[in-house]
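Here's the structure, in structure tokens; my notes come after.
None of the values given here were measured: they were computed from a predicted structure.
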Amino acid sequence: MDPAQSDTEMGYECIKNSRLLGLPWALIGVLWPAERVIVGLRTCRSLRKELASHAQSIYLVRSCKETVAESQLVVDLLRFSRNRVSLKWEYLNSSCENLLKAMTSSNFMPALCYLRLQARLRTDAALLAGVLRSCVSLVHLDLGANEMGPDGMRKLAPALAECRQLEHLNLSRNYLLDDGAGELGEVLGECKALVYLNLWWNEIGPAGAGKIARAVAQCQGLMHLNLSLNQIGDSGAQTLAHALSTCHSLTHLNLYGNGIGDLGAAHLADAVAACSALVHLDVTMNDIGAEGAQRLAVVVRGREEGQEGAKECRALVHHTLLGRRWCLGNGDAGCADRGEARGSGVVM
């Protein structure tokens with residue numbers, strides 16, 4: 001390099017004439033830490049900033065808490081990247097406090113569009129709320145398996161209301177209960193761009209399902225709703241069915257394992273008739289008998305016959321594909337004309 005070049009020019013020249021961009025960022029941080037002088041502090045800073053500008057994805061699995069230096073490296077990537085960045089950090093039995101504090105201090109991270117965190121968020125939810133307020137381009141938020149609980153959801157919910165571009169929200173396995181579902185329901189209607197919502201395994205009962213249902217009715221672009229392995233029962237299914245009758249974009253509804261009986265199935269049948277876009281309904285592992293199965297079968301058969309040239313609907317019973325035969329209910333009763341009842345639910 002020309003000795004007359006400035007440190008900044010030397011830094012950019014290093015980028016142009018090397019293969020550094022192919023190295024893991026953690027290794028780059030060891031080789032060129034900003035706090036040490038190697039070929040000049042300004043060069044180090046320029047090098048870090050230029051490398052960060054090319055970042056597209058950050059993925060790390062840890063079994064212990066991250067260091068402050070590691071957290072700052074991630075924040076540099078998010079601040080300087082010219083691309084839309086995906087951040088996936090999974091902490092096994094640990095907190096992500098340092099990372100969230102560093103991200104909060106950054107104030108503005110327009111590059112972050114995909115965030116996946118798996119950690120102990122029960123105590124860090126308030127920090128995460130501060131981070132979300134600075135992520136103006138966030139489209140995908142995956143917080144599955146964080147054991148957040150109702151208290152964590154209470155801290156996080158107001159920030160979710162400000163995520164105007166959010167399309168994908170996964171809150172599965174967070175033990176939200178009815179109280180947490182209520183906190184979410186209060187703000188969910190503000191997420192107008194929401195397309196996918198996963199609330200699998202949150203111990204949500206009829207009361208929580210009602211609050212979620214009222215919020216979902218305001219998300220006119222919602223296509224996928226997963227409430228499997230909760231406890232909504234017949235009364236929750238009734239409230240949900242009433243709300244979904246206005247969700248004309250909904251294509252996938254998963255109510256697997258919710259203790260729904262014949263009464264709930266009857267209400268869901270009315271919702272299926274109203275949701276013209278619905279192509280997948282999973283009510284397997286419920287308590288639907290012959291009467292409820294028959295109600296669903298009549299509606300499903302009418303949908304198939306009335307949609308000439310539309311997508312083919314298929315039935316899945318106990319995970320066995322049976323072509324166009326509709327198998328609903330338990331035992332040998334409650335069959336549609338096209339199939340045998342061998343399962344406990346329907347998937348369209």
**OP:** Please round to the nearest 0.5 Å and tell me the distance separating atom CG of Leu296 and atom CG of Leu281.
**Re:** 6.5 Å

Is the shortest heavy-atom distance from the side chain of [X] to the side chain of [Y] under 4.5 Å?
| X | Y | result |
| --- | --- | --- |
| Cys163 | Leu132 | yes |
| Cys96 | Leu128 | no |
| Val216 | Cys247 | yes |
| Leu156 | Leu143 | yes |

**OP:** Please answer: with hydrophobic residues joined when any side-chain heavy atoms are less than 4.5 Å apart, are Val195 and Leu171 in the same cluster?
**Re:** no

**OP:** Treat each ILVMFWY residue as a node, draw an edge where side-chain heavy atoms are under 4.5 Å apart, and state whether Leu197 and Leu177 are in one component.
**Re:** no

Nearest heavy-atom pair of [X] and [Y]: which atoms, and what distance?
| X | Y | answer |
| --- | --- | --- |
| Ala266 | Arg295 | CB-NH1, 3.6 Å |
| Asp234 | Leu263 | OD2-CB, 3.7 Å |
| Cys135 | Leu112 | SG-CD2, 3.6 Å |
| Ala125 | Gly152 | CB-O, 3.4 Å |
| Asn202 | Asn230 | N-OD1, 2.9 Å |
| Glu183 | Ala157 | O-CB, 3.7 Å |

Subject >> Side-chain donor/acceptor of Asn174 to backbone N/O of Leu176, under 3.5 Å >> reply: no

**OP:** Using modelled atom types only, decide if a donor and an acceptor are shared between the side chain of Asn286 and the backbone of Ile260 within a distance under 3.5 Å.
**Re:** yes

**OP:** Could you go through the side-chain contact (heavy atoms from CB on, under 4.5 Å) check for Asn198 and Tyr196 one step at a time?
**Re:** CA-CA 7 Å; Asn198 187 351; Tyr196 176 97; 3.4 Å; yes

Subject >> Evaluation steps, side-chain contact (heavy atoms from CB on, under 4.5 Å), between Glu97 and Leu127 >> reply: CA-CA 8 Å; Glu97 180 183 3; Leu127 287 172; 3.9 Å; yes

Subject >> side-chain contact (heavy atoms from CB on, under 4.5 Å) assessment of Val283 paired with Ile288 >> reply: CA-CA 8 Å; Val283 289; Ile288 301 174; 3.8 Å; yes

**OP:** Could I get the full list of side-chain hydrogen bond (donor to acceptor under 3.5 Å, both in side chains) partners for Glu190, not counting sequence neighbours?
**Re:** Arg164

Subject >> Pairs where residues 138-153 contributes a residue and the test salt bridge (charged side-chain N to carboxylate O under 4.0 Å, His left out) is met, not counting sequence neighbours >> reply: Arg116-Asp142, Asp151-Arg154

Subject >> Leu194 vs Leu188, side-chain contact (heavy atoms from CB on, under 4.5 Å): CA-CA, chis, key distance, verdict >> reply: CA-CA 9 Å; Leu194 196 65; Leu188 201 58; 3.9 Å; yes

**OP:** Please name the residue in the list Leu229, Asp282, Leu240, Thr284 that meets the side-chain contact (heavy atoms from CB on, under 4.5 Å) test with Leu255.
**Re:** Leu240

Show every donor-acceptor pair shorter than 3.5 Å between a side-chain atom in residues 219-227 and any protein atom, with sequence neighbours excluded, or say none if there are none.
| residue | atom | partner | partner atom | Å |
| --- | --- | --- | --- | --- |
| Gln220 | NE2 | Ala217 | O | 2.5 |
| Asn226 | OD1 | Ser228 | N | 3.0 |
| Asn226 | OD1 | Ser228 | OG | 2.7 |

